[in-house]
Every structure is written in structure tokens, then in C-alpha cells.
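The structure appears below as C-alpha cells.
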Amino acid sequence: MADDCVFCKIMKREINADIVYEDDAVVAFKDINPAAPVHILILPRKHIPTLLDMEKDDEALMGHLHSVANEIARAFELDKKGYRTVINCGSDAGQIVFHLHLHLLGGRPLLQTIANGRGA
Ligand code: 5GP
Ligand code: ZN
């Protein structure tokens with residue numbers, strides 16, 4: 001947990017969010033500014049700032065994030081037409097919240113541009 005982190009605050013219920021999934025290791029909630037009909041952020045409870053900060057011990061956690069993405073995708077009926085996942089890492093990628101998170105985007109055809117979770 002980081003005191004100044006908006007996503008840690010959401011996990012501590014200090015800031016409201018529309019939480020759609022949670023377990024011991026992962027929390028998922030709807031993006032406040034959705035870029036697609038379904039736009040969900042999936043994050044580890046552990047405060048890892050960026051993908052560059054992940055450690056060898058976090059490999060299983062990163063796999064779990066993707067399993068959860070599949071579970072949520074099915075719950076939101078994205079399993080027929082598919083979806084996109086995006087992890088922005090650092091300033092050139094446009095990362096604005098420095099608590100590692102996976103964007104899950106779907107519900108419409110997504111442009112085949114360089115995906116960044118916003119201009120998608
Ligand atoms: P990034 O560019 O860091 O990968 O994306 C951060 C995402 O978090 C953005 O899509 C933004 O809309 C979302 N976001 C930022 N602050 C909040 C918040 O307080 N609540 C929710 N639900 N989403 C947020
Ligand atoms: Zn955090």
C-alpha cells in the first residue's frame with residue numbers, strides 16, 4: 001500500500017469505485033473515463049508502480065491478473081468477440097497512475113492502432 005496512490009485508496013475504500021471483482025491478490029473496477037463499452041482496470045493488491053518494477057516473485061501474480069481478465073471478460077460476455085488488454089509502462093506509454101494495472105477493453109471493434117488504452 002502506498003499512501004499517495006489513488007488505486008491503493010480505492011482498495012482501502014477511501015475512494016469510491018465500481019468494483020467488479022476482488023480476491024486476496026487482485027482487485028478490478030470500472031475505469032472512470034471508459035474508452036470502450038467495457039473498460040475495466042485489473043490490478044494487484046501489491047503496490048507495484050510499473051511493469052519495470054515487477055520482480056521474479058511476481059510472475060505468478062501477473063499470470064493471475066490474466067486469468068482474472070478472462071473471468072471478467074466472460075462475465076461481461078466478451079468471450080465471443082474478444083477483447084484487448086493493455087499495460088502502460090512509464091511516461092512514453094502514457095501511464096498516469098503508477099500502480100501497475102491491466103486495462104481490459106471490449107464491447108466494440110477496437111482500432112488496429114498502437115494500443116494505449118485511451119486512443120484504442
Ligand atoms: P494509465 O494511463 O495509467 O494506464 O491509466 C490509468 C487509468 O485509470 C485511466 O484510464 C483513468 O481513466 C483511470 N483512473 C484514474 N483515476 C481513477 C479513479 O479515481 N477511479 C477510476 N475508476 N479510474 C481512474
Ligand atoms: Zn498503489
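Just so you know, ligand 1 is whichever comes first in the structure, and atom 1 is the first atom listed for that ligand.
- Taken from CG in L105 to CG in D31, the straight-line distance is 8.0 Å, to the nearest 0.5 Å.
- The shortest N or O to N or O distance between F29 and ligand 1 is not below 3.5 Å.
- Counting atoms of ligand 1 from 1 in the listed order, those under 4.0 Å from a heavy atom of I96 are 1 (P), 2 (O), 3 (O), 5 (O), 6 (C).
- Using cut-offs of 30° and 60° on the angle between ring planes, the pair H103 and H39 is tilted.
- A donor-acceptor contact shorter than 3.5 Å links the side chain of H99 to the backbone of P44.
- Heavy-atom contacts of N33 reach the following atoms of ligand 1: 12 (O) (cutoff under 4.0 Å).
- Contact atoms of ligand 1 toward G94: 2 (O) (distance under 4.0 Å to a heavy atom of the residue).
- The distance cut-off of 2.8 Å around the Zn ion (ligand 2) captures these protein N, O or S atoms, sorted by chain and number: C5 SG, C8 SG, H47 ND1, H99 ND1.
- Two different hydrophobic clusters hold V20 and L41 under the rule that ILVMFWY side chains link at heavy-atom gaps under 4.5 Å.
- In terms of polar-atom proximity, defined here as any N/O pair under 3.5 Å, V97 does make such a contact with ligand 1.
- Every side chain to side chain donor-acceptor pair (under 3.5 Å) that E59 has, sequence neighbours left out, goes to K56.
- Under a 3.5 Å cut-off, the side chain of E55 and the backbone N or O of D57 do not form any donor-acceptor pair.
- No N or O atom of L41 sits closer than 3.5 Å to an N or O atom of ligand 1.
- Inspection of the D23 and H64 side chains reveals an N or O donor paired with an N or O acceptor under 3.5 Å.
- Residues Y21 and F29 keep their aromatic ring centres 6.0 Å or farther apart.
- Residue-to-ligand polar distances keep I10 apart from ligand 1: every N/O pair is separated by 3.5 Å or more.
- Contacts between N88 and ligand 1, counted as non-hydrogen atom pairs separated by less than 4.0 Å, involve the side chain only.
- Not a single heavy atom of I87 sits closer than 4.0 Å to an atom of ligand 1.
- If you look at H103 next to ligand 1, the close heavy atoms, those under 4.0 Å, all belong to the side chain.
- In this comparison of I40, D31, I15, L43, the heavy atom closest to atom 7 (C) of ligand 1 sits on D31.
- No donor-acceptor pair under 3.5 Å is formed between the side chain of E22 and the backbone N or O of V27.
- Only side-chain heavy atoms of V6 come within less than 4.0 Å of ligand 1; its backbone N, CA, C and O stay farther off.
- Under the 4.5 Å side-chain contact rule for hydrophobic residues, I87 and V38 share a cluster.
- At least one heavy atom of F7 sits under 4.0 Å from some atom of ligand 1.
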